[in-house]
Amino acid sequence: MTRYLLERPHTLISLAFFADRYESAKSSISEDLGILRRTFMIRGIGALETLPGAGGGVIFTPGISKKEATDFVDTTTKRLEEPDRILPGGYLYLTDLLADPEVLRTIGRMIATQYSQSSIDVVMTVATKGIPIAQSVASFLNIPFVIVRRDSKITEGSTISVNYASGSSDRIEKMELSKRSLPEGSRVLVVDDFMKGGGTINGMRSLISEFNAIFAGATVFAENINVKSEFRDNKVTSIFKVEEIDTVNRILKMESGDYLAKTDFSYFE
């Protein structure tokens with residue numbers, strides 16, 4: 001039963017289904033769910049909510065406690081401050097972290113916690129480094145994710161494209177998305193690995209508008225706050241931020257972003 005719930009987050013499952021599946025009385029199922037509810041909360045796995053009535057059942061909502069999220073931020077900040085992560089142009093090497101399954105699971109739980117009480121239909125990212133983050137978040141929210149590309153793929157069919165100004169340069173870039181990817185009226189959560197000037201996030205906001213969909217917010221793994229951005233607003237959240245980066249002397253100082261301050265953890269504590 002634990003495995004079944006963990007693999008189907010944000011899904012209403014009736015007690016009758018569990019009773020039939022495990023050939024047990026509903027009263028026994030209710031007792032087991034009570035044990036799971038306490039265990040999930042103590043272990044920081046998420047929240048298990050029981051809905052009464054004929055159409056009721058149980059819903060598992062994955063999440064993370066503030067303590068666990070804070071510990072992850074503190075530990076990962078030290079890893080991010082390694083000088084050899086500095087790349088030309090004020091970027092950071094993040095591939096090793098975003099290829100770590102445990103790091104990705106934690107990032108997914110953190111962002112899913114931030115939007116656990118929001119109505120989100122789709123997670124969006126831009127190819128390629130944001131894809132692992134989008135997949136992790138989508139799995140915890142149990143919704144699809146879509147990938148915006150900067151070049152055409154014949155396998156995508158007809159697309160909608162927008163031009164946008166890069167936030168870190170004067171270049172005009174293009175991004176596009178398959179017309180079949182995003183239903184009209186969808187509430188879209190944007191995720192990405194790194195934000196320098198915010199132009200890519202703003203481009204995805206424009207693309208969402210072209211689909212007559214709704215931009216619900218954006219969360220990035222890290223951002224460089226040393227680059228002035230016209231596109232940064234309260235709907236954009238970062239888990240980490242570059243406080244200081246000196247590419248000549250190889251000095252890198254990282255701090256916690258605004259994720260911890262903007263996220264309500266009360267449902268999972």
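- Note on L260 and F268: separate hydrophobic clusters, where clusters join Ile, Leu, Val, Met, Phe, Trp and Tyr whose side-chain heavy atoms are under 4.5 Å apart, directly or indirectly.
- Rounding to the nearest 0.5 Å gives a distance of 6.5 Å between OG1 of T61 and CD1 of I59.
- Of the inter-residue distances, the one linking Y91 atom OH with K129 atom NZ reads 10.0 Å to the nearest 0.5 angstrom.
- Shown here for E176 and L207, the closest heavy-atom pair between the two residues is C-CD2, 4.1 Å.
- You'll find the ring centres of F40 and F60 inside the 6.0 Å limit.
- Aromatic ring centres of F221 and F194 lie farther apart than the 6.0 Å criterion allows.
- Figure legend: cation-pi geometry between K235 and F215 absent, as NZ or CZ is not positioned both under 6.0 Å from the six-membered ring centre and within 45° of its axis.
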| field | I214 and D121: CA distance, side-chain angles, deciding distance, side-chain contact (heavy atoms from CB on, under 4.5 Å) verdict | value | CA-CA 10 Å; I214 301 163; D121 300 304; over 6 Å; no
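- Between the side chain of K179 and the backbone N or O of F211 there is no donor-acceptor pair closer than 3.5 Å.
- Judged purely by atom type and a 3.5 angstrom limit, S206 uses its side chain to pair as donor or acceptor with the backbone of N202.
- Salt-bridge formation is detected for the pair R85/D96: a Lys NZ or Arg NE/NH1/NH2 atom is positioned less than 4.0 Å from an Asp or Glu carboxylate oxygen.
- Remark: side-chain polar atoms of T263 are paired, donor with acceptor, to backbone N or O of Y259 under 3.5 angstrom.
- R150 approaches Y164 most closely through the heavy-atom pair NE-OH, 3.3 Å.
- Side-chain contact between H10 and L141 is present, with at least one heavy-atom pair separated by less than 4.5 Å.
- Defined by atom type and a distance below 3.5 Å, a donor-acceptor pair is missing between the side-chain atoms of E156 and S178.
- Of the N and O atoms on the side chains of N142 and T11, at least one donor lies less than 3.5 Å from an acceptor on the other residue.
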| request: Would you check, one step at a time, whether the test side-chain contact (heavy atoms from CB on, under 4.5 Å) holds for E49 with Y267? | output: CA-CA 11 Å; E49 182 180 3; Y267 189 65; 3.0 Å; yes
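- In this structure, the separation between CD1 on I42 and OG on S65 is 12.5 Å, given to the nearest 0.5 Å.
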| request: For side-chain contact (heavy atoms from CB on, under 4.5 Å), just list the numbers for V191 and T125, CA-CA rounded to whole Å, side-chain angles, deciding distance to a tenth of an Å, and then say yes or no. | output: CA-CA 5 Å; V191 300; T125 194; 4.1 Å; yes
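- K262 places a side-chain N or O within 3.5 Å of a backbone atom of N234 that can act as its donor or acceptor partner.
- By the 4.5 Å heavy-atom criterion applied to side chains, I245 and N224 are counted as neighbours.
- In this structure a side-chain-to-backbone donor-acceptor pair under 3.5 Å is present from D264 to S266.
- E223 has its side chain out of reach of V242: every pair of non-hydrogen atoms, C-beta onward, lies at least 4.5 Å apart.
- The CG atom of D100 lies 8.0 Å from the CZ atom of R105; values are rounded to the nearest 0.5 Å.
- Pairing each heavy atom of M124 with each of L177, the nearest pair is CE-CD2, 3.8 Å.
- Side-chain contact between I35 and E31 is absent, with no heavy-atom pair separated by less than 4.5 Å.
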| said: Checking L98 against D193 for the side-chain contact (heavy atoms from CB on, under 4.5 Å) test, could you report, in this order, the C-alpha distance in whole Å, the side-chain angles of both residues, the deciding distance, and whether it holds? | reply: CA-CA 8 Å; L98 299 183; D193 64 323; 3.5 Å; yes
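- For the pair E243 and K241, the minimum side-chain heavy-atom distance is below 4.5 Å.
- Distance alone, capped at 3.5 Å, places no donor-acceptor pair between the S136 side chain and the I133 backbone.
- Using modelled atom types and a 3.5 Å distance limit, the side chains of T128 and R149 yield no donor-acceptor pair.
- In this structure, S238 and T219 have side chains that are not in contact, with every pair of non-hydrogen atoms separated by 4.5 Å or more.
- Residues F240 and I64 fall within the same hydrophobic cluster, defined by Ile, Leu, Val, Met, Phe, Trp and Tyr side chains chained together at heavy-atom separations under 4.5 Å.
- Around CZ of R180, the count of heavy atoms belonging to other residues, nucleotides or ligands within 6.0 Å does not exceed 12.
- Ion pairing between a basic and an acidic side chain is recognised when a charged N comes within 4.0 Å of a carboxylate O; E269 and K67 show no such pairing.
- Expressed to the nearest 0.5 Å, how far NZ of K78 lies from CG of D74 amounts to 7.0 Å.
- Closest approach of L189 to V137, counting heavy atoms only: CD2-CG1, 4.0 Å.
- Taking each heavy atom of G63 and R109 in turn, the nearest pair found is O-NH2, 3.1 Å.
- No salt bridge links R79 with E81; every basic N to acidic carboxylate O contact stays at or beyond 4.0 Å.
- Between R232 and D258 there is a salt bridge, since a side-chain N of the basic residue sits under 4.0 Å from a carboxylate O of the acidic one.
- For the pair V123/I143, a side-chain contact is recorded, criterion being any heavy-atom separation below 4.5 Å from C-beta on.
- Distance check: S186 OG to E184 CD gives 9.0 Å after rounding to the nearest 0.5 Å.
- Taking each heavy atom of L33 and L48 in turn, the nearest pair found is O-CD2, 3.7 Å.
- Clustering ILVMFWY residues whenever any of their side-chain heavy atoms sit less than 4.5 angstrom apart, transitively, puts M254 in a cluster other than the one holding I251.
- In this structure, R8 forms a cation-pi arrangement with Y4, its terminal cationic atom sitting closer than 6.0 Å to the ring centre and no more than 45° off the ring axis.
- Side-chain atoms of R187 come within 3.5 Å of backbone atoms of S119 as a donor-acceptor pair (strictly under, hydrogens ignored).
- Side-chain contact of Q114 with T237: a donor-acceptor pair under 3.5 Å is present, judged by distance alone.
- Side-chain N or O atoms of T76 include none that pairs as donor or acceptor with a backbone N or O of V73 at under 3.5 Å.
- The hydrophobic clustering, which links ILVMFWY residues whose side-chain heavy atoms are closer than 4.5 Å, places F140 and V190 apart.
- Judged by distance alone, the side chain of T70 and the main-chain N or O of K66 form a donor-acceptor pair under 3.5 Å.
- Within the 4.5 Å cutoff, side-chain heavy atoms of I29 are placed close to those of S24.
- Put simply, I160 and V126 are part of the same group of oily side chains (I, L, V, M, F, W, Y) that touch within less than 4.5 Å, one to the next.
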